[in-house]
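Note on naming: letters A, B, ... go to the chains in the order of the sequence lines (proteins, then strands), and numbering restarts at 1 for each one. These numbers were taken from a predicted model, which means no experiment stands behind them.
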Amino acid sequence: MNHWLVKSEPFKYSWEKFNEDGRTFWDGVRNYQARNNLKTMKEGDLVLFYHSNEGKNVVGIAKVVREFYQDPTTDDANWVVVDLSPVESLKNPVSLEQIKAEPSLTDISLVRQGRLSVMPLKATEFDKILEMGS
DNA sequence: GCCAACGTTGGC
DNA sequence: GCCAACGTTGGC
């Protein structure tokens, strides 16, 4: 199983809204690297949900409930979405600051490649963030 | 609101 | 196919 982290700006699509919805398709990815990551996601993969801009913290865990398919918001065949459902909220959201301060997490894309909106995480990195958030 | 980082576009 | 110009993202 793979682990991922996705970003969303809270005013656009927040963790709270995601929980109200119970399920969503992850649209709006317009970057090839992020798109390739979406295509690699498998059903059941776990995904950390990060609030960018406002909050700047990892707020919860989601899982992939449907693998990639054509983005319904565009006719452009380049772009795909996956379906995600919330699993649980972190007791204590983990801030970007905490992540940067944690030596074992300084290599993750969230820190190294700030603009990427869908990125893979190693199982150890995923577990570390969960540990920091519990 | 500024600006750095970086991906994309388009002229040559 | 290179690279300058441009646009976007996201931290601060």
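- The base of C:dT8 lies outside donor-acceptor range of the side chain of A:Arg30, with no N or O pair under 3.5 Å.
- Within the 4.0 Å cut-off from OP1 or OP2 of C:dT9, not a single side-chain nitrogen or oxygen of A:Gln113 is found.
- Atom pair A:Tyr50:OH and C:dG10:C1' shows a separation of 8 Å (rounding to whole Å applied).
- Remark: A:Lys122 engages A:Glu125 in a salt bridge, criterion side-chain N to carboxylate O under 4.0 Å.
- Taking the six-membered ring where the residue is Trp, the centroids of A:Tyr50 and A:Trp15 are separated by 6.0 Å or more.
- Closest approach to the A:Tyr32 side chain among C:dG10, B:dG7, B:dT8 is made by B:dT8 (side chain taken as heavy atoms from C-beta onward).
- Regarding contacts with the backbone of C:dT8, every side-chain N or O of A:Lys7 stays at 4.0 angstrom or more from both OP1 and OP2.
- Distance, A:Arg112 CZ to B:dG7 P: 13 Å, rounded to whole Å.
- Checking B:dG7, B:dC6, C:dG10 against every side-chain atom of A:Asn53, the shortest atom distance belongs to C:dG10.
- For A:Ser52, the side-chain atoms get nearest to C:dG11 when compared with the rest of C:dG11, C:dG7, B:dT8.
- Summarising the geometry, the separation between CG on A:Leu110 and P on C:dT9 is reported as 16 Å, rounded to the nearest angstrom.
- Under the rule for a side chain to side chain contact (heavy atoms under 4.5 Å, CB included), the partners of A:Thr73 that lie at least two apart in sequence or sit in another chain are A:Phe25, A:Asp27, A:Arg30, A:Asp71.
- Regarding A:Leu116, its CG atom lies at a distance of 9 Å from the P atom of C:dG10, rounded to whole Å.
- If you take CZ of A:Arg115 and P of C:dG10, they are 8 Å apart, rounded to a whole angstrom.
- Rounded to an integer number of Å, the gap from CG of A:Asn31 to C1' of B:dT9 is 15 Å.
- When the C1' atom of C:dC12 is taken as reference, atom NZ of A:Lys56 falls 6 Å away, rounded to whole Å.
- Here the side chain of A:Lys39 pairs no donor or acceptor atom with the backbone of A:Tyr69 at under 3.5 angstrom.
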Exercise. Salt bridge (charged side-chain N to carboxylate O under 4.0 Å, His left out) between A:Arg23 and A:Asp83: does it pass, once the steps are laid out?
Worked result: CA-CA 7 Å; A:Arg23 176 177 180 140; A:Asp83 283 3; 2.8 Å; yes
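- One interatomic measurement links the two molecules: NZ of A:Lys12 to P of C:dT9, which rounds to 8 Å at whole-angstrom precision.
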